[in-house]
Every structure is written in C-alpha cells, then in structure tokens.
Participant: 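This is the structure, below, for whatever I ask next.
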Amino acid sequence: MNINSSNNQHPQLTGAEILWATLAGEGVTTVFGYPGGAILPIYDALRKFPTVHHILTRHEQGASHMADGYARASGRVGVCMATSGPGATNLVTGLATAMLDSIPMIAITGQVSSKVLGSDAFQEVDITGITLPVTKHNYLVTRAEDIAPTVRKAFQVAQQGRPGPVLIDITKDAQQATAAFSFEDAAPAPHRDHPMLRAESTSIQQAIELILNAKRPVILAGHGIAQSGAEAEVLAFAERRQVPVASTLLGLGSFPVHHPLALGMMGMHGESWVNHAIQQSDLLLAFGMRFDDRVTGNLAHYAPNAKKIHIEIDPSEISKNVRADVALIGDLKTILSTLLPLIPASNDASWISEVNAMKGDAAVRDIINLPDNGHLYAAHVIHDIWREAVAAGRERETIIVTDVGQHQMWEAQYFKHDAPRSLVTSGGLGTMGFALPAAIGAKVACPTKDVWVIAGDGGFQMTASELSTIMQESLPINIAVINNGFLGMVRQWQEAFYDKNYSASPILSPNFVMLAGAHGIEGSHVSERKNVTPTVTKARTGGKPFLINFQVEKEDGVYPMIAPGAALHEMVRRPQHDPLLETAEDE
Amino acid sequence: MLHTFVALVEDKPGVLTRVASLFRRLNINIVSLTVGESERPETSRMTIVCEAPDHAAHRIKASLYKLEITIDVDEMGRSEAVIRELCLIKIAAGPSHPNGQQSRSQIFELANVFRARVVDLAPESIMLEMTGSSSKIEGLIQVVTESGYTILEVSRTGRMAMRRGMHTSRVLKALGTPGADTTPTNAFVRPPNPEPLGDDILPNQFDDVHEEEE
Ligand SMILES: Cc1ncc(C[n+]2csc(CCOP(=O)(O)OP(=O)(O)O)c2C)c(N)n1
C-alpha cells in the first residue's frame, strides 16, 4: 500500500492499516501470529502491505517464542500477534520468557470494542492487567489516531535502556475507525534515560584503582555484552589486562571460546576451573550480568575475597544479589570505551596460567577421547554436532537453539560458541517448549545460517505442533531430539535429592521420526556414536528440515553440579564408576 | 524501616496499578499511598510509605524509575521534609452518652489541644478533622479513647511529604517551572565528555538525582 502522500494532506487510513504501515515503517518484515475475531480487521488489511510477511503459527505461545528467537538471533525487534482472550493469554509464557532475558519484542493483541470493555464480552480478557509484571510496558489503545504514536513509542521502549517485551492491546473499533496517518508525526519524544544512569561521572577512578591493584581478576561476561554490542571492547579489555573471562549461559558466544583467556560457563553446571577461578578471584568485573542464583551458588560464600565492579545498564540490579564495590551504570560499550584508554596494558600472565593449571585433563577432553563403547551420550551428540560444523567451516554460521533441561546444560558445556548470538536459549525463565518455535524465529531472521534445535524428549513435545509451521514456511531447520525417556533434569534432581524417587519423570514419547514424517519432514533414529556425524551432515546439507531422534543413555547426569545452597566451589562430581569419567586432575 | 518516596507520575488510567504492582512484585508492604494532582498538567504526585529493609531504598527507587509512567522519584530518607497526614475521626457523643451533655464540650477541649477542628456535629456524634504528623494523630486518637469515648470511624490519608526549601531535582529543573516561560532543556542529554571524577563520590553510591540548592 502506498502510504506516501504527495502533498501535506496525510492519508486517511483505518486503524488496522495504520498498524501495518507503522510496523512496516519501523522496518518490520515478519510478524508471527494467529488470527481471531477481535483482530480480524488487522488481518484483513494485511494483504495491502506486501513487504510484511505473516507466519501463521500453531499456537500463540509459538508465535511469542518465534518473535523472541528472531530478536535473539538478529538483535532486531521481534513482533508477534494474537487475538483477544485465549489468543492473548497464550502469549503470556513467551512474554515472561522475553522479560526475564531482556529481549526486545512487541506483542500486538486484538481487544473487544472499547464500548464493551469491562463487560465480560465474548473473548474479553484484561490482557494489559495480566501481562503487567511480564512486560516492560504495555498499552491499551482505543482510538485509531493513537495507534501510530503508540507503536512507535513501543519500539523505542522495547529497545532502549534494558530491552524488554512491550504489549499493545488494540480494541476492534480502533482497528476499524479511520484517522490521518503520518509515520514521521508519530515519532516519539527522544528516549529518556533512567535518571540514575550516571556511570560516566561516578566511580570510574575507583574502578581503575581496583583494576590496577588486582592480582586475580575475572571478567563475568553476561548477556549485556551482546545486547550492547560490546564484544570488541570486552575482548580488548581482557587482552589488555590479561583477565580470564567466565561466561553466564546467556553470555556464551560474546567472548570467543577459543581465546586463551576464555574459561567457559560459570555457575551451577560450570566447569570446575571456572568456578574455582571466581572463588579465588580478588576482583570480579561483572559485565552486563545480574548475579542470578544459578551463577552465584550460596551468596554468603560467593567470591569471598573479591571486590566487585558491576557494569550494568539497569540501576535496580546493582547490589541486588551481590554487593558492588563500584557500580558503573550505563551502556557497557560506552563505559568500556571510556575505561579502556585509561588502563595501561599488563603482560602478567601468572594468574591465567594458574587458572589454566586448574583445568587439568578435564571433562571436555574426556568426552572427546571417550571410546565408542556402544553407549550414546548426549554430550557425544552435542560435541559431534559442533565438530561437524567446524569440519565444514560452518561453526560461526551455526545457531543452536536449545530447550530447557539437561541437554541445555550439555550444549552449553560441549558446543564451543565462538560467534555472538550463536546460542539462543531461555535462561531466566527456563521455558520448556521454547526451542522449536524460537528456532523458527532465528531461521527467519538469519536464513543463511544453519539453525539447529536441540531439545529433550519432554520439552520438544510441548510445542511440537510447530513442525507444521516449519513445513508451511519451508524452513530448513535441523532438529536434534535428545531422547532419554525421562524429564532428564527432573530425574537428575530426584536422583540427587529425592532418593531416586522418579515421580512423574519417566515420559513416553511418540516415534519422533514418524511424527516428523507425518508432517512431511525427513528424519532418522541414531543410537550409536558412529552414526552421529554422518546423520548430522546429511541433515545440515539437505536443504530441508530434518529431525534426528538421538536415543541416548537414560540415566546420565550433568556434572559438575552445585547443589542448591552450596557454595560455588562445592561441586558435586560425576560418580567414579560412570563411563563419562572426569579424570582425577579435574578435581 | 519506613521509607518514604515521592514520585511524579503520569496521570493516566492504570498508573496506580503499575506502582502498586511493583511493590507487590518486590514483596514490600505499602504502609500508605496518597496520590493527587500535581503542579504540572497531566501529572500526579504520589507519596508512598513502605516498610522495607534499610538497603532496599535504592532498589525501590531504581525500580520506580523503570516504570514508563514515572517522571521523577525522590526519597525522603536523608532530607529535611515536611510530612503531614490528614485524618477524620467520628466520635460517639450526645445526650445518651455516659458523659451526657458534657461530652461535647470535653471533646471540643481535646480537639483544641491537638489543633483539630470540629467539622460535623450530629445529635449522637462529632466529627473532627486533624492535620499533622502521624504521631500527633495517633496521640489524639489515644486520648479520645482513654477519656472513655467510642470512636465510630477513622479515615486517614496516609503521609504526604515535601522537601523543605528551594529544592528541585535535575529532572524537574530540566522540565522547567510550570507556568514560567522558560524553555525546558532536555534533562536527559548527558555531557559528551564525562567530567573527571570527583573524589567525593563513594563507591557503590548512586548519584542522587535530587540536589539541595545552596
Ligand atoms: C514449561 C516448563 N515446565 C516445567 C519445567 C521444569 N523442568 C525443567 S527441566 C525439566 C525436564 C526437561 O526434560 P526434557 O525436555 O526431556 O529434557 P532433558 O532434561 O531430558 O534434557 C523440567 C520438567 C520447565 N523448565 N518449564
């Protein structure tokens, strides 16, 4: 639709048309959604906007995770859409997932007519009320003329400061009414920074002093690095001071794992040397991370001898869990750019050699060298998927989208993420069912990348209906189901803390290859290690969606593990009789 | 401890819910919350009193600022402020009261001592209006009760707070004085080159948006 007006007269459009025109103006090319009565005017107007592609999902939760995956993979705002009532409530899990991981996302919902608001009309639900705590902000729009300014403001809110999801609820009469439309006139006032964002004028001097005096510094690399685009600055900082870098789950990929200063993932399932380095550190440099309980262990014993410098865009995160000695509040890239020229280089490699010595002959190498003894382990599968990508020179062109559970932790341990935004995973909320729809979003955002879903047999079944979406959209996504016949992570906790009482954790699954087949998707069963790599190659190079059902060891565990309430260095190691032994040096 | 925040917020439907929802999420009990129009168009000023640990103040303030509808937040913790509360008290008093006809004059006297005003006189009840600090209001209620009177109803506004003296926050300064024809400058543009750091800033302390004017 041509929305340019030749003279000063702004065109009169319906609210529905204004919505699409504004989305298109904001650069939106894909919307994930599901229609219904209260949003039909918007769907009716869609055909006039050929630059916007609508992807019909099989469930609104899928739409929300797709928009989320799109945003995580690309850094652009993801957009999803649903009708009022049940359509809108189905978005809630996806909004909460995006909220906890600070993902810029816009959700648009239809709402009953403004005249009947509050009357329990058919499919009326107070979605702005329901989503209040799981959105960064939300809006109820009842007039056509408010649509363009609200949508433009929402894009600003979703992206500025600490990003997050924004929901816009538009009544049906606002969609149908007409108003003058001008994209330019609808521009929001300049973004207001959080008034407590004053990093530049606070504490930089103290930070420099701490950095220069530190003998055992560790960088804690968080999601904020990717959000801020500060990968180069973090690398420069680490190299200048020879600071080892430990990553949070969402920080993986922001610091190249092959770099000599890269330690890997910290926290509950982090490798021993990573957590030991943190515990022995005298200065933690927290870059865009929030000291989640999964990375600190028992707070009372967390890095007891370390000063903490916290660089963070959200002032409410400062000293929330771990007291910061110096807080630098603001955009990470800007702050590091300010700090870097003020810090002299250091060649002192003694601390990093000490940390490297702790690595010993550790878990990862054991798995690489493990003989093929007939058992298939999830760690093998993930390691081989990574090695196959490396062999093909595609490791930087691969996005892994995981679900939640044991496989997610094994992925974080054994897939070596070198490239930013190469891991898409639900960290804060830990949402099972996330992987398949989020992968659809990631593939749409990055069509030239190889996108792998790695999901457990439990989580995969939560949103498996989106297989049908993959086919409708012809998306060549590869799916690895790590099938252990259990809700594995639950089983592991029951093994460790509930006396092996496997209550409700064994799970029966359909034949996933046949399920894929029913959707027209090719698939294979793999239960021996020797078949992993060839099948992975076949899936990756086929140019079509492909599902592999990896039948793995049923009662495998993720190690090391920090039990809830234990300190970060009090790791539970893999039992010694286990074929996936970590060597003694790893202790 | 009790924390008192004064927030300037947009005057729109749902704003109160957003503020209340924040405290609910943080699992912090609101002791009182008063809200009304402010000196600026389309904005309300709220005084929120809550019970929370000492160290929670900055997080509450930082979280309040995260709400899109929040324009300015001031914490009354360390500043000189006037804090007032309005209270209406209805007391049973009349010919059938044990003190009989005496009761009215006795209540008038008590009211006088506390500088409360009589705002309604009915055959069997008296209504007093009182403004003051919370402790003064509680004092009056206690004395009335101890004198043998039955309190029928109490309605309190909760605390309202305002800093003493010429004080304006950076944010409000930038928005300009309402009514004055100064062009508001943009509060939120930070200087391109960060000024060198003063050593008066302690680690882990937030710059207060609110500065006392000398
Ligand atoms: C929606 C949702 N429900 C429940 C959980 C709790 N939970 C966390 S991990 C897990 C087990 C996952 O099992 P599976 O998908 O088979 O993966 P595995 O752990 O075996 O790799 C469960 C139930 C969750 N994270 N999300």
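Proteins get letters first, then strands, A, B, ... in listed order; numbering begins at 1 in each. Keep in mind it's a predicted model, so treat the numbers as computed, not measured.
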Participant: Please report the shortest heavy-atom distance between A:Ser316 and B:Ser63, naming the atom on each side.
Facilitator: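 Smallest heavy-atom distance, with atoms named: CB-OG, 3.6 Å.
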Participant: Parallel, tilted or perpendicular: which describes the rings of A:His137 and A:Tyr139, with under 30° parallel and over 60° perpendicular?
Facilitator: perpendicular
Participant: For the CE atom on B:Met162, are there more than 12 heavy atoms of other groups (residues, nucleotides or ligands in this structure) within a distance under 6.0 Å?
Facilitator: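 No, because the 6.0 Å sphere around CE of B:Met162 holds 12 heavy atoms or fewer from other groups.
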Participant: Side chain, backbone, both or neither: which part of A:Asn138 has a non-hydrogen atom closer than 4.5 Å to chain B?
Facilitator: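 It is both, since atoms from each part get that close.
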Participant: Evaluate the criterion salt bridge (Lys or Arg N to Asp or Glu O under 4.0 Å) for residue pair A:Arg290 and A:Asp292; output intermediate values, then yes/no.
Facilitator: CA-CA 6 Å; A:Arg290 59 187 177 87; A:Asp292 181 82; 3.5 Å; yes
Participant: Quick one: CD1 on B:Ile71 to CG on B:Leu172, what's the gap to the nearest 0.5 Å?
Facilitator: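 Output value for this atom pair is 8.5 Å.
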Participant: Using only non-hydrogen atoms and a strict under-4.5 angstrom cutoff, which residues of residues 24-34 of chain B touch chain A?
Facilitator: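 Against chain A, the residues of residues 24-34 of chain B that fall inside the cut-off (heavy atoms, under 4.5 Å) are B:Arg24, B:Arg25.
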Participant: If contact means a heavy atom pair closer than 4.5 Å, which residues of residues 7-17 of chain B contact chain A?
Facilitator: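 Residues B:Thr17 are the ones that qualify, each having a heavy atom under 4.5 Å from chain A.
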Participant: Check step by step if salt bridge (Lys or Arg N to Asp or Glu O under 4.0 Å) holds for B:Lys90 and B:Glu124.
Facilitator: CA-CA 10 Å; B:Lys90 193 185 284 173; B:Glu124 294 298 329; over 6 Å; no
Participant: For the backbone of A:Gly118 and the side chain of A:Glu124, can you confirm whether one donor and one acceptor N or O come within less than 3.5 Å of each other?
Facilitator: yes
Participant: Which residues pass the side chain to side chain donor-acceptor pair (under 3.5 Å) test with A:Gln160, sequence neighbours left out?
Facilitator: none
Participant: Hey, which of A:Lys308, A:Lys153, A:Lys320 has the most heavy atom pairs under 4.5 Å with chain B?
Facilitator: A:Lys320
Participant: Hey, do the aromatic rings of A:His310 and A:Phe291 have their centres closer than 6.0 Å?
Facilitator: yes
Participant: Could you tell me which non-hydrogen atom of A:Ser319 sits nearest to which non-hydrogen atom of B:His58, and how far apart they are?
Facilitator: CB-CE1, 4.2 Å
Participant: Could you tell me which of A:Val157, A:Leu132, A:Thr128 has the largest number of non-hydrogen atom pairs under 4.5 Å with chain B?
Facilitator: A:Leu132
Participant: Among residues at least two apart in sequence or on other chains, which ones pass side chain to side chain donor-acceptor pair (under 3.5 Å) with B:Arg84?
Facilitator: none
